[in-house]
Amino acid sequence: MKTPVRVAVTGAAGQIGYSLLFRIASGAMLGDDQPVILQLLEVTPALKALQGVVMELQDGAYPLLTEVVTSDDPMVAFKDADYALLVGAMPRKAGMERGDLLSANGGIFKPQGEALSEVASRDVKVLVVGNPANTNALIAQQNAPKLGAGQFTAMVRLDHNRALSQLSAKTGKPVSGIRKMTIWGNHSSTQYPDLSQTTVDGTPALELVAQDWYEGEFIPTVAKRGAAIIEARGASSAASAASAAIDHMRNWALGTAPGDWVSMGIPSDGSYGVPEGLIYGFPVTVSGGKYEIVQGLEVSDFSRRMMDATAKELTEERDAVRELGLVK
Ligand SMILES: NC(=O)C1=CN([C@@H]2O[C@H](COP(=O)(O)OP(=O)(O)OC[C@H]3O[C@@H](n4cnc5c(N)ncnc54)[C@H](O)[C@@H]3O)[C@@H](O)[C@H]2O)C=CC1
Ligand SMILES: O=C([O-])CC(=O)C(=O)O
């Protein structure tokens with residue numbers, strides 16, 4: 001048996017937490033030979049509800065779940081964490097953009113970045129799910145001077161999965177035959193779900209679908225799917241978000257499949273002309289726990305415009321949190 005790893009989850013008593021924790025405990029995230037210690041963070045008033053979730057975790061009798069720690073103190077919940085999933089934040093309501101949550105949620109990520117910097121494992125892998133995810137990841141990262149910038153990532157995997165599923169439905173081919181999907185940029189309505197490299201059973205996707213559908217239906221459907229869920233469900237996506245978080249961390253920890261890539265929100269190194277430092281969705285491959293941006297892809301004029309528009313929004317979000325004193 002491997003040595004247990006420590007997985008910190010914030011907002012653990014929330015909607016996403018309720019789908020996420022049981023899958024981590026079952027081995028879906030890190031493999032069915034990897035024992036886990038869950039370290040759960042909540043605000044003080046939610047600790048009672050969290051205790052109920054812990055009772056249910058116990059009742060699952062998961063062979064891989066070694067220990068569960070709960071706290072309202074990030075210095076306790078992040079202690080020696082190997083993985084940290086920062087979910088705890090307010091979700092948006094109908095009619096809001098995710099960026100509208102910046103002032104409410106931005107403040108959560110500064111102290112959490114500081115605590116991670118002090119007490120987490122020096123190799124901690126951090127995924128920010130709480131919205132606006134990319135800029136919250138930037139805030140956490142900028143307040144964690146003792147950790148590497150690349151240890152902070154944001155979730156665009158739900159968008160990636162939505163794009164796979166929309167393309168699968170349109171072509172009538174299973175998701176398992178789709179390769180090289182990319183979500184560029186922000187987890188927001190400016191994101192660019194890019195089919196220009198994507199193949200379906202080896203055939204270029206753009207040979208199988210009309211340009212009108214791609215630009216006029218596919219891109220807006222994927223980019224606005226979160227709002228459509230809120231409209232239908234009366235609450236924001238939770239189970240699909242948890243599933244995407246599992247996928248993101250699993251690929252980061254265990255690697256991507258040969259001949260394919262995934263989308264992750266990571267600090268830009270200037271690749272593809274994306275301003276350095278922004279937490280931006282890129283196509284990445286992962287091996288040995290290290291992700292790398294897929295290089296050398298052709299960027300059409302259409303792609304350039306789409307990639308620049310979402311970079312511009314992220315630059316504006318960065319400027320806004322600078323004004324709030326949350327990043328340098
Ligand atoms: N990146 C993505 O693709 C997605 C992101 N989200 C975002 O995830 C976040 C969580 O969503 P839900 O679980 O549905 O919300 P929720 O409201 O059900 O749960 C959030 C939990 O976080 C807790 N919390 C608040 N402040 C905290 C803090 N400082 N420390 C620890 N816990 C704290 C709350 O007490 C609550 O239990 C939202 O911001 C939502 O917009 C949701 C879906 C997809
Ligand atoms: O749309 C929202 O506010 C929740 C979310 O991020 C998503 O479902 O993609």
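As the structure lists them, so they are numbered: ligands from 1, and atoms in each ligand from 1. The first residue in the sequence is number 1, and the count goes up from there.
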Ring geometry between Tyr192 and Tyr214 (parallel below 30°, tilted from 30 to 60°, perpendicular above 60°): tilted

Per-residue contact class, Gln112 against ligand 1 - non-hydrogen pairs under 4.0 Å: side chain

Residue Ala241 vicinity, atoms of ligand 1 by number, heavy atom under 4.0 Å: 43 (C), 44 (C)

Within-cut-off N or O pair, Gly17 and ligand 1, under 3.5 Å: no

Location of contacts on His187 toward ligand 1, heavy atoms closer than 4.0 Å: side chain

Atoms in ligand 1 flagged as close to Met90, the criterion being non-hydrogen separation under 4.0 Å: 38 (C), 39 (O)

Protein heavy atom at shortest distance from atom 5 (C) of ligand 2: Arg98 NE, 3.4 Å

Closest protein heavy atom (residue, atom, distance) for atom 20 (C) of ligand 1: Ala89 O, 3.5 Å

Atom 12 (P) of ligand 1: the protein heavy-atom neighbour that sits closest, reported with distance to 0.1 Å: Ile16 CG1, 3.9 Å

Sub-4.0 Å atoms of ligand 2 with respect to non-hydrogen atoms of Ser236: 4 (C)

Minimum-distance protein heavy atom relative to atom 34 (C) of ligand 1: Glu42 OE1, 3.5 Å

Test log, rule salt bridge (Lys or Arg N to Asp or Glu O under 4.0 Å), inputs Asp33 and Lys2: CA-CA 7 Å; Asp33 60 347; Lys2 291 182 177 171; 3.4 Å; yes

Distance in Å, Leu254 CG paired with Ser287 OG, rounded so as to fall on 0.5 Å steps: 11.5 Å

Contact check: Gln15 vs ligand 1, nitrogen or oxygen atoms, below 3.5 angstrom: yes

Contact atoms of ligand 1, heavy-atom distance to Ile108 under 4.0 Å: 26 (N), 29 (N)

Side chain, backbone, both or neither: the part of Pro91 lying under 4.0 Å from ligand 1 by heavy atom: both

Arg225 near ligand 2 by a heavy-atom separation under 4.0 Å: no

Short N-O contact, Asp159 and Arg162, less than 4.0 angstrom: yes

Whether over 12 other heavy atoms sit under 6.0 Å from Met1 CE: yes

Whether Ala238 lies under 4.0 Å from ligand 1, heavy atom: no

Protein contact of atom 1 (N) of ligand 1 - nearest heavy atom, named by residue and atom, plus distance: Val129 O, 3.1 Å

contact_flag Met96 ligand 2 heavy-atom lt 4.0 Å: no

Per-residue contact class, Arg233 against ligand 2 - non-hydrogen pairs under 4.0 Å: neither

Interfacing atoms of ligand 1 (cut-off 4.0 Å, heavy-atom, Ser237): 42 (C), 43 (C)

Under 3.5 Å: N/O of Ser237 near N/O of ligand 2: yes

Aromatic plane relationship, His248 with Trp252 - under 30° parallel, 30 to 60° tilted, over 60° perpendicular: perpendicular

Leu278 CG to Glu313 CD distance, which is reported to the nearest 0.5 Å: 11.0 Å

Cluster link Phe109 to Val129, ILVMFWY, side chain under 4.5 Å: no

Identity and separation of the nearest protein heavy atom to atom 40 (C) of ligand 1: Asn131 ND2, 3.6 Å

Charged N-O contact under 4.0 Å between Asp301 and Arg305: no

Ligand 1 N/O within reach of Gly88 N/O, cut-off under 3.5 Å: no

Proximal atoms of ligand 1 relative to Gly11 (non-hydrogen, under 4.0 Å): 21 (C), 22 (O), 23 (C), 31 (C), 32 (N)

Options Val43, Leu158, Leu41, Asn136, ranked by nearest heavy atom to atom 26 (N) of ligand 1, top entry: Val43

Minimum-distance protein heavy atom relative to atom 6 (O) of ligand 2: His187 NE2, 2.6 Å

4.0 Å heavy-atom contact, Ile229 with ligand 2: no

Over 12 non-hydrogen atoms of neighbours within 6.0 angstrom of CD in Glu114: yes

Distance from atom 19 (O) of ligand 1 to nearest protein heavy atom, with residue and atom: Gly14 CA, 3.2 Å

Exercise: do Asn131 and Asn105 side chains pair donor with acceptor under 3.5 Å: no

Worked verdict on Arg322 versus Asp319 for salt bridge (Lys or Arg N to Asp or Glu O under 4.0 Å): CA-CA 5 Å; Arg322 251 191 208 136; Asp319 292 346; 3.6 Å; yes

Greater than 12 external heavy atoms within 6.0 Å of Phe22's CZ: yes

Any N/O pair Asp159/ligand 2 closer than 3.5 Å: no

Test log, rule side-chain contact (heavy atoms from CB on, under 4.5 Å), inputs Thr135 and Arg318: CA-CA 7 Å; Thr135 297; Arg318 179 171 64 183; 5.7 Å; no

Nearest neighbour in protein (non-hydrogen) for atom 2 (C) of ligand 2: Arg92 NE, 3.2 Å

Check: Arg23/Ser243 side-chain N/O donor and acceptor closer than 3.5 Å: yes

Residue and atom name of the nearest protein heavy atom (relative to atom 10 (C) of ligand 1), distance in Å to one decimal: Val87 O, 3.3 Å

Ring centroid separation Tyr272 to Trp184 under 6.0 Å: yes

Backbone N/O of Gly148 and side chain of Gln151: donor-acceptor pair under 3.5 Å: yes

